[in-house]
Protein chains: 2
Amino acid sequence: MNDVAAAAGVALKTVSRVVNNEPGVNAATAERVLAAIERLGYRRNDSARILRRGRTASIGLVIEDVADAFYSSLSRAVEDAALHHGYLLFTGSSREDSARERDLVLAFCARRVDGLIIVPAGTDHGYLKPEFDAGIKAVFADRPPGAGCEADTVLCDNAGGARAGTAHLIAHGHRRVAFLGDSPGIFTAAERLRGYREALAAAGLPYDEGLVVMGPPDPARLRAHLTRLLAASEPPTALFTGNGRITVETLRVLATLTDAADAGPTGGLALVGFDDFELADLLGVTVVAQDPARLGRTAADLLFMRLAGNDEPTSRIELATRLVPRGSGERPPPPRGNRTAR
Amino acid sequence: MNDVAAAAGVALKTVSRVVNNEPGVNAATAERVLAAIERLGYRRNDSARILRRGRTASIGLVIEDVADAFYSSLSRAVEDAALHHGYLLFTGSSREDSARERDLVLAFCARRVDGLIIVPAGTDHGYLKPEFDAGIKAVFADRPPGAGCEADTVLCDNAGGARAGTAHLIAHGHRRVAFLGDSPGIFTAAERLRGYREALAAAGLPYDEGLVVMGPPDPARLRAHLTRLLAASEPPTALFTGNGRITVETLRVLATLTDAADAGPTGGLALVGFDDFELADLLGVTVVAQDPARLGRTAADLLFMRLAGNDEPTSRIELATRLVPRGSGERPPPPRGNRTAR
DNA sequence: CATCCGACTGACAACGTTGTCTACCGGGGT
DNA sequence: ACCCCGGTAGACAACGTTGTCAGTCGGATG
């Protein structure tokens, strides 16, 4: 900027005014300055600008994994909102690691982002205290913050969705419905399990721990568990899968586990999955759909409201889910006599 | 930092030394400083640090759309590399809009990122000249930069992959293979079309413009084109689809267009798609697979080499593709007599 | 002619760091 | 007694902006 000023024969401040389109600069002078800028290939240094102004016009987004369809669609929605407000976006994946979540958040804060959208991996957010004191705004998405951390939160109705999905299977005659969920330490997984249990209870069915599998969606693990489940003396006639990854991996396992002659990709078993996924329509898989884009949009809206100065008490929004019947969830159990024939 | 210095009764510089783990600070003094930092909830301001030091330890990534599986997996690979080198990552989606690409890149540059990885939407990268002069390093991924812009580039062997995929169909007896590609202005789309033509030529088959459809993967558009193609007097017996989105949409259209009784999700037509996609295995769709993660990793490696000071002449890397047969591409054409029976 | 006004321009400090250079202090070698 | 040295600490400038305030100048006003 100094060089530009020298080249144009004006003061530093005048260049600043031109660069920022501030009024009060003679058209001819501005012209000269612009020419100098062009000639020298000058670009404003936003680091200095940020330092001086105190606002960065950027926000940070911490998710679990960009490569996952759910989060990438959430990201896209946040990015759209950021673009719309003229903000730049930092992104980072926590890999379900709370230390990494913290490191990312603190790195973003050190860059003085104005706000954060966090899909928390950990359950302790005490480390955010100094940041909040410093005026940083944060919105939690998909999962709530740890105890003692007051912040806006946007969730899906996980329990409600799982309840509806399980009830759907029960309504189609199933009495032994297995639940395949992610690690119970994950908020959404625990909530969905809760919904599943509520649906069983509401139907007067017993909760059978033998029908419940919780853990990361590792193909080998899932295969072992499914094999065991289906070989049991009283195998489940229906599956409720707790997230998109698990649903997909389950479909894969079922495809190799059951005879190709079996009808449909679920090999005769009824199945409802939490999370919609690409091509579920073609495969005829009934799902409880969340709307990740809406989740991201809502979180971003909330954040930009805060950034605009709104300081109402924090809110906790729960977005509804939607049951999408596509065939796999409407399949009745096999006739009684066949029950153990597998 | 000033406050911390005052609170600890030391000079500014001493706090700086403690914060940066510089040697030459008495353990007791450091202790006092750390206590003050803790007490005041102090966090270093990276904007100021960046301004002073000149290096930002951050890179910018411009892709086409984070929500697309191909790019989100590329993103993830870049993010991993950035993490590994201790860099932060700015991300932005260009939406296939060259103006937006430029704005994003320039915004990142204004933030003084050290390097850029760009999936270009436009074909003119003259705007990068001043940035290059200022020392910013850039690597182009998936598509090359516009003419006159010298920079490292990592591509897939688009033409080779399309040639192999088309040849595969021809080898299985098809003589009328339709090509459904993205807009011809997109480098990868054009290259794939070229590969398709080369395969036809190599097999001595004529190039029939009536069998080629180029344009954005809009469901309605695709449906119209497919309907037209299949209703022709000499309809294609096989399809080559030019990217993941198009493959998926084509499958959808075929599912509704053909009788459910028809074998397989492609309704009797043979199909090979460019790009692998989730569940292609279950659907039995033969694809020419790219490896987006490897693309991202390679681009990042190249960039970090440059950032480390390597200034060899720029390189252009082409990654091989891999044909993955899964059934849809190995289906022979219907017997001659049936040709127009559809 | 003195005065004032508005349009334009510039000088200067400040944002929060870090690099450089200098200062102090106590101990060991000459 | 002198010097030097390593270990420690601080003063100060600089990074590139922008906000504040003060200045200049030509013309309109009283």
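A note on names: the letters A, B, ... follow the listed sequences, proteins ahead of strands, and every chain is numbered from 1. Below, all heavy atoms of this structure are taken into account, side chains as well, without hydrogens, waters or symmetry copies.
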Protein and nucleotides 12-14 of chain D: nitrogen or oxygen contacts under 3.5 angstrom:
| residue | atom | partner | partner atom | Å |
| --- | --- | --- | --- | --- |
| D:dA14 | N3 | B:R52 | NH1 | 3.3 |

Remember a base hit wins even if backbone is also touched, and classify A:R44 as base, sugar-phosphate or nothing at under 4.0 Å, heavy atoms.
-> sugar-phosphate
Would you indicate what B:D46 reaches in the nucleic acid, counting non-hydrogen atoms under 4.0 angstrom: base, sugar-phosphate, or nothing?
-> nothing
Is [X] near enough to [N] that one of its side-chain N or O atoms lies under 4.0 angstrom from OP1 or OP2?
X     : N      : result
A:N2  : D:dG16 : no
B:T14 : D:dG10 : yes
B:R49 : C:dT18 : yes
B:S16 : C:dT18 : yes

Please tell me if the side chains of [X] and [Y] come closer than 4.5 Å, counting only heavy atoms from C-beta onward.
X      : Y      : answer
A:R49  : A:N20  : yes
A:Q290 : A:L319 : no
A:T188 : A:D182 : no
B:F70  : B:N243 : no
B:T153 : B:T314 : no
B:T91  : A:L89  : no

Note down the inter-axis angle between the two ends of the helix from C:dC1-D:dG30 to C:dT30-D:dA1, five pairs each, to the nearest 10°.
-> 60°
Counting heavy atoms from C-beta on, name the nucleotide in [options] closest to the side chain of [X].
X     : options                : answer
B:L51 : D:dC15, C:dG10, D:dG10 : D:dC15
B:A48 : C:dG16, D:dA11, C:dG10 : C:dG16
A:N45 : C:dT18, D:dA11, D:dG16 : D:dG16

Measure the spacing between CD of A:E150 and NZ of A:K129 and express it to the nearest 0.5 Å.
-> 12.5 Å
Output every pair passing side chain to side chain donor-acceptor pair (under 3.5 Å) with a member in residues 59-77 of chain A, not counting sequence neighbours, ordered by first then second residue.
-> A:D65-B:R76, A:Y71-A:D142, A:Y71-A:R143, A:R76-A:D80, A:R76-B:D65
If a pair satisfies side chain to side chain donor-acceptor pair (under 3.5 Å) and one of its residues is in residues 117-128 of chain A, list it, with sequence neighbours excluded.
-> A:E101-A:H125, A:E101-A:Y127
Rounded to whole Å, please give me the gap between [atom1] in [X] and [atom2] in [N].
X     : N      : atom1 : atom2 : answer
B:E22 : D:dG10 : CD    : C1'   : 14 Å
B:D3  : C:dC15 : CG    : P     : 11 Å
B:N20 : C:dT17 : CG    : P     : 10 Å
B:R17 : C:dT18 : CZ    : P     : 11 Å
A:R55 : D:dG19 : CZ    : C1'   : 16 Å

Give the minimum heavy-atom separation between [X] and [Y], together with the two atoms involved.
X      : Y      : result
A:R17  : A:V25  : CB-CG2, 3.7 Å
A:L74  : A:G296 : CG-CA, 3.9 Å
A:F90  : A:S58  : CE1-OG, 4.3 Å
A:S315 : A:R306 : N-NH2, 4.2 Å
B:S94  : B:L104 : N-CD1, 4.2 Å

Dump the pairs, protein N or O against N or O of nucleotides 5-8 of chain D, anything under 3.5 Å, distances to one decimal.
none

Contacting residues from residues 34-43 of chain A, given that a heavy atom lies under 4.0 angstrom of DNA chain D = A:Y42, A:R43
Mapping B:G9 and B:R112 to their closest nucleotides on DNA chain D, which lands nearer the 5' end?
-> B:G9
For the residue pair A:H85 and A:F304, does the interplanar ring angle fall in the parallel (under 30°), tilted (30 to 60°) or perpendicular (over 60°) class?
-> parallel
